[in-house]
Protein chains: 4
Amino acid sequence: MPTANVKSVDDQPPARRPGRPRGDEARVAILEAAYAILEEGGLAAFTIEGVAARAGAAKTTIYRWWPSRESLAVAAFLSVALPRISFSSTGSAANAIRSQMLRLVTVYSGKTGRVVRDLVAAGNSDPVAAAAFVESYVRQRRQAVREVLQRGIDAGEFRADIDFEAAIDALYGPVFYRLLVGHGTLDKTWTKDVADIVLAGLKPQAPEIKNGDQSRTGTKGTKARPDRVSRGS
Amino acid sequence: MPTANVKSVDDQPPARRPGRPRGDEARVAILEAAYAILEEGGLAAFTIEGVAARAGAAKTTIYRWWPSRESLAVAAFLSVALPRISFSSTGSAANAIRSQMLRLVTVYSGKTGRVVRDLVAAGNSDPVAAAAFVESYVRQRRQAVREVLQRGIDAGEFRADIDFEAAIDALYGPVFYRLLVGHGTLDKTWTKDVADIVLAGLKPQAPEIKNGDQSRTGTKGTKARPDRVSRGS
Amino acid sequence: MPTANVKSVDDQPPARRPGRPRGDEARVAILEAAYAILEEGGLAAFTIEGVAARAGAAKTTIYRWWPSRESLAVAAFLSVALPRISFSSTGSAANAIRSQMLRLVTVYSGKTGRVVRDLVAAGNSDPVAAAAFVESYVRQRRQAVREVLQRGIDAGEFRADIDFEAAIDALYGPVFYRLLVGHGTLDKTWTKDVADIVLAGLKPQAPEIKNGDQSRTGTKGTKARPDRVSRGS
Amino acid sequence: MPTANVKSVDDQPPARRPGRPRGDEARVAILEAAYAILEEGGLAAFTIEGVAARAGAAKTTIYRWWPSRESLAVAAFLSVALPRISFSSTGSAANAIRSQMLRLVTVYSGKTGRVVRDLVAAGNSDPVAAAAFVESYVRQRRQAVREVLQRGIDAGEFRADIDFEAAIDALYGPVFYRLLVGHGTLDKTWTKDVADIVLAGLKPQAPEIKNGDQSRTGTKGTKARPDRVSRGS
DNA sequence: GTTTAACCGAGACGGTACGTCCTGTCTTGTA
DNA sequence: TACAAGACAGGACGTACCGTCTCGGTTAAAC
């Protein structure tokens, strides 16, 4: 679908409204100040007044463009953190996921983890901001995982009948669980263990014989086995 | 040394400190008011002043016993929510887990879910309160799961070499993930799908014929109990 | 260069600082509420919160403009009580003082006396406010007395060598003494008696017969009247 | 007069009330702590809790014996400051007064002045304490002055028709005026000047030759006691 | 080339809640 | 009964931010 076309129709190409156009300096200064504060002091230190002061902007300017503290926090985060996801597109899908998880866990162990934690918490009191965060950050990342999963299915690494959403939640849920609840650390061994368990659960499996013999006939099927789908068993 | 003596000296846990003893009425009134507010209005509405007013207590009384808003929130939650976990102890371990997950998801879909979400967020700005929440609420629940997992291992349902912590995170992480991030609902189908994936990953599996490179079996001695495993096979 | 130009550039004393200018409504409302409370309930009832509530203003607004409870009290008093002193400028200086003292005592017997008492007490715990009170209220009144004294000296009613400050203190000290310590009432007879004593002490007098003559003749005054000093007796 | 006798009759001879008798240690400790705080930090620092803590006493003990903060302050002051007044009983009455004023001004320039100022202010919000202060401290001092004045009258130094109360207020009012209002310092020169003015006003004076209009002599029979005046002679 | 509408900074303002200090009352155990 | 200890309801403190509201002054398209 020609997106360009849509755009030229939808957006007002010359649609110049009268009056002074929005200056970019204020916007950028605010977002940078916002992110800096978020990273340095967390949500607690993140106040509109603080951001305004640090950005040399007026509170009103902030309120003009962002409806709430939370929205601003999310926007600040996105402006900094959006442009980076990466999956190794070579090798097995399982290994791609494994290595991406490790990378994520490394990132989340640092300042970014703190910030993400804060943003999720912030989302708690501003559903709109929460939605924005999910839509722009979470969803996107999940989409990338989904593609790798699909690749794995195509390659026969994974069962074909898996529910993508459930699978992604199973893979990344534990990471967020620990990040957010904080009952354990995000170390590499743990990450590998979790990945192993879930990836094992995604593999095409012998039919549930349940009596002990797991004779795995031809485990390595290239394609999913719809016939095995009989899940409920 | 006379034990009796030691005892008579040592054993005065309720040692009657001087001064007026703490009255229980205030404590109870405060916790009840706190929980009520938490449930009705969430963290946003949860203010010390609000709780004090509703409880008919003085702010100072609250501050005397709880160091922060967050601590109070956690305490209020625990005073209400602690006395209930339940695993069906009959049937297969997998099914016990499955049904418990469904029950949890049901609970978390209601008011309790909102509250737990708030508490996790609150923990974000008060590490002490967070620790209390984890220690008293999370840890306990995890312990229950751990026991069921062990039962499953003993019965040959699960692999013997699983890392308990990772397994528990794999099972319940997704639930918290959705609860906290809010990118999807906690419906039953999804719950079952997640459970299926993870439980499948915990099942004893045919040795990795694939490359053999992942033969990690038994390496993780600490967590798994090879001696007990007795190898379901 | 045209003077007009210079003027138009230079003459901007009220220089319009940036930002929303201070509104007068709040200021007036606060001062009025403050004075009302001060008059009704005295210092004890005079709380910032009370004033704010009564004025329909925010506490912060008060704190923005007055550094302390005491400052506000003084300001409130001054805004009401400043514009009134009056000395009869006819007749003898002594009589002018006498009648002014009577008027003062009358005023101080009423609500104003209570307020002044409170303000002096307040000054006790805020030196800055005390200074403001002295500077704007006390000093001004004393200046008026000083002028009358000078008139009296010029007219030969009073000695020329009197120390103005001491004289004023001698005249009005007793009034404040009774007002503040409260060991006696401010009645008219007493006032007259005090005035008589002190004014007698200010009159040109026969040289001290006691130990010879301390002829202090014309030492200090601008317009002393040595002729009168010369012993009427 | 045998005071001891009176006492043994008046006080409860064996009148032992039941229960633990009042210990003097607490009383003394409280008064000492109270005075210390009063002297160190003024009224602002003078809190019941502070005194209790410093005295190692319980708040209740203080409330049992003193009805208010102000009463305690006055009591503490009196317990320390009562036992000292002194007039030189030799020389002229005028000089006795002069030197006593100087001594008073010296004392009031130090810590005692601060404390007296505080007590007068305190009296403002507790009439009972104010009365106690006046009755026990002020009145007593004034009585001493009254005696010296009488001596002066008897010796012909002062007019016989002076109103004692007015005279005392005229003499000491200025000192309190400056002490309490703080518009000037209590230095020696000023003190002498004031004393000179007022004492001059008390001297027997030549009949008003000027216009004769002020011939008021002897009109004020009520206050002066001509009959008593004759006495000393 | 003037209008004119929006942008932007500054800061006043009414508010809410904070966490602290002190008040005056009470309840308890010990002397 | 006196006393120390300390819980408790409550009132006010002074502070930090909130979100809204004037203001003065840009700034650039539209008239």
Side-chain angles (χ1 to χ4, degrees), chain A residues 14 16-23 25-27 29-30 46-53 55-65 67-69, chain B residues 16-27 30 46-50 52-53 55-65 67-69, chain C residues 16-27 29-30 46-50 52-53 55-65 67-69, chain D residues 16-27 29-30 46-50 52-53 55-65 67-69:
Chain A
R16 287 306 211 104
R17 305 212 312 311
R20 174 175 171 181
R22 178 176 186 180
E25 292 157 29
R27 208 194 94 256
I30 288 167
F46 188 85
T47 63
I48 298 281
E49 296 214 327
V51 173
K59 277 200 293 176
T60 35
T61 305
I62 295 180
Y63 282 112
R64 195 173 356 251
W65 302 112
S68 70
R69 195 175 77 114
Chain B
R16 274 313 280 113
R17 300 202 331 301
R20 174 174 169 180
R22 178 177 186 180
D24 218 42
E25 291 158 30
R27 208 194 92 256
I30 288 168
F46 189 85
T47 60
I48 298 281
E49 296 213 327
K59 274 204 289 179
T60 38
T61 303
I62 296 180
Y63 281 112
R64 192 172 0 251
W65 302 112
S68 71
R69 198 176 75 113
Chain C
R16 275 311 280 113
R17 300 201 334 299
R20 174 173 169 181
R22 178 177 185 179
D24 219 43
E25 291 158 30
R27 207 193 93 256
I30 288 167
F46 189 84
T47 60
I48 298 280
E49 297 213 327
K59 273 203 290 178
T60 39
T61 303
I62 296 180
Y63 281 112
R64 194 173 358 254
W65 302 112
S68 68
R69 196 175 77 114
Chain D
R16 286 305 214 101
R17 309 219 298 314
R20 175 171 169 181
R22 178 175 185 182
D24 218 42
E25 292 156 30
R27 209 193 94 256
I30 288 168
F46 188 84
T47 62
I48 298 282
E49 294 213 328
K59 278 201 292 176
T60 35
T61 304
I62 296 180
Y63 281 112
R64 194 174 355 252
W65 303 111
S68 71
R69 195 175 78 115

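In what follows, every chain begins at residue 1, and chains take the letters A, B, ... in the order their sequences are listed.
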What pair of heavy atoms forms the shortest contact from [X] to [Y], and how long is it?
X	Y	value
Ile62(B)	Ile30(B)	CG1-CD1, 3.7 Å
Ala29(D)	Ala55(D)	O-CB, 3.5 Å
Ala58(C)	Ala52(C)	C-CB, 4.2 Å

[N] [atom2] sits how many Å from [X] [atom1], rounded?
X	N	atom1	atom2	result
Glu25(A)	dT26(F)	CD	P	15 Å
Ile62(D)	dA4(F)	CD1	P	9 Å
Arg17(C)	dG24(F)	CZ	C1'	13 Å
Ile30(C)	dA12(E)	CD1	P	13 Å
Arg64(B)	dG10(F)	CZ	C1'	12 Å

Task: Side chain of Trp65(A) (C-beta onward), nearest among dC7(E), dC3(F), dC8(F) - done: dC7(E)
- [ ] Check every atom of dA4(F), dG10(F), dG15(E) against the side chain of Ala58(B) and return the nucleotide holding the closest atom.
- [x]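 For the Ala58(B) side chain, the nearest candidate turns out to be dG10(F).
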- [ ] Starting from the 5' end of DNA chain E, give me the residue, Ala26(A) or Ala26(C), whose nearest nucleotide shows up first.
- [x] Ala26(A)
TODO: Please assess Phe46(B) against Arg69(B) for the test side-chain contact (heavy atoms from CB on, under 4.5 Å), listing each intermediate value before the final yes or no.
DONE: CA-CA 8 Å; Phe46(B) 189 85; Arg69(B) 198 176 75 113; 3.7 Å; yes
TODO: Give Ala52(C) one of three labels, base, sugar-phosphate or nothing, depending on what nucleic acid heavy atoms sit under 4.0 Å from its own.
DONE: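 Touches nothing.
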Open item on the list: Which residues pass the salt bridge (Lys or Arg N to Asp or Glu O under 4.0 Å) test with Glu49(A), not counting sequence neighbours?
Closed with: Lys59(A)
Open item on the list: For a quick check, with a 4.0 angstrom heavy-atom cut-off, what is the B/S/- contact string for nucleotides 14-20 of chain F, read 5' to 3'?
Closed with: BBBBBBB
Open item on the list: Quick check with a 6.0 Å cut-off and a 45 degree axis cone: is Arg22(C) positioned over the face of Trp65(C)'s six-membered ring?
Closed with: yes
Open item on the list: Under 4.0 Å from OP1 or OP2 of dC8(F): is there any side-chain N or O of Thr61(B) that close?
Closed with: no
Open item on the list: Heavy-atom nearest nucleotide on DNA chain F for Asp24(B) versus Pro21(C): which residue maps closer to 5'?
Closed with: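 Result: Asp24(B).
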TODO: State which residues pass side chain to side chain contact (heavy atoms under 4.5 Å, CB included) with Arg64(A); sequence neighbours excluded, sorted by chain then number.
DONE: Thr61(A)
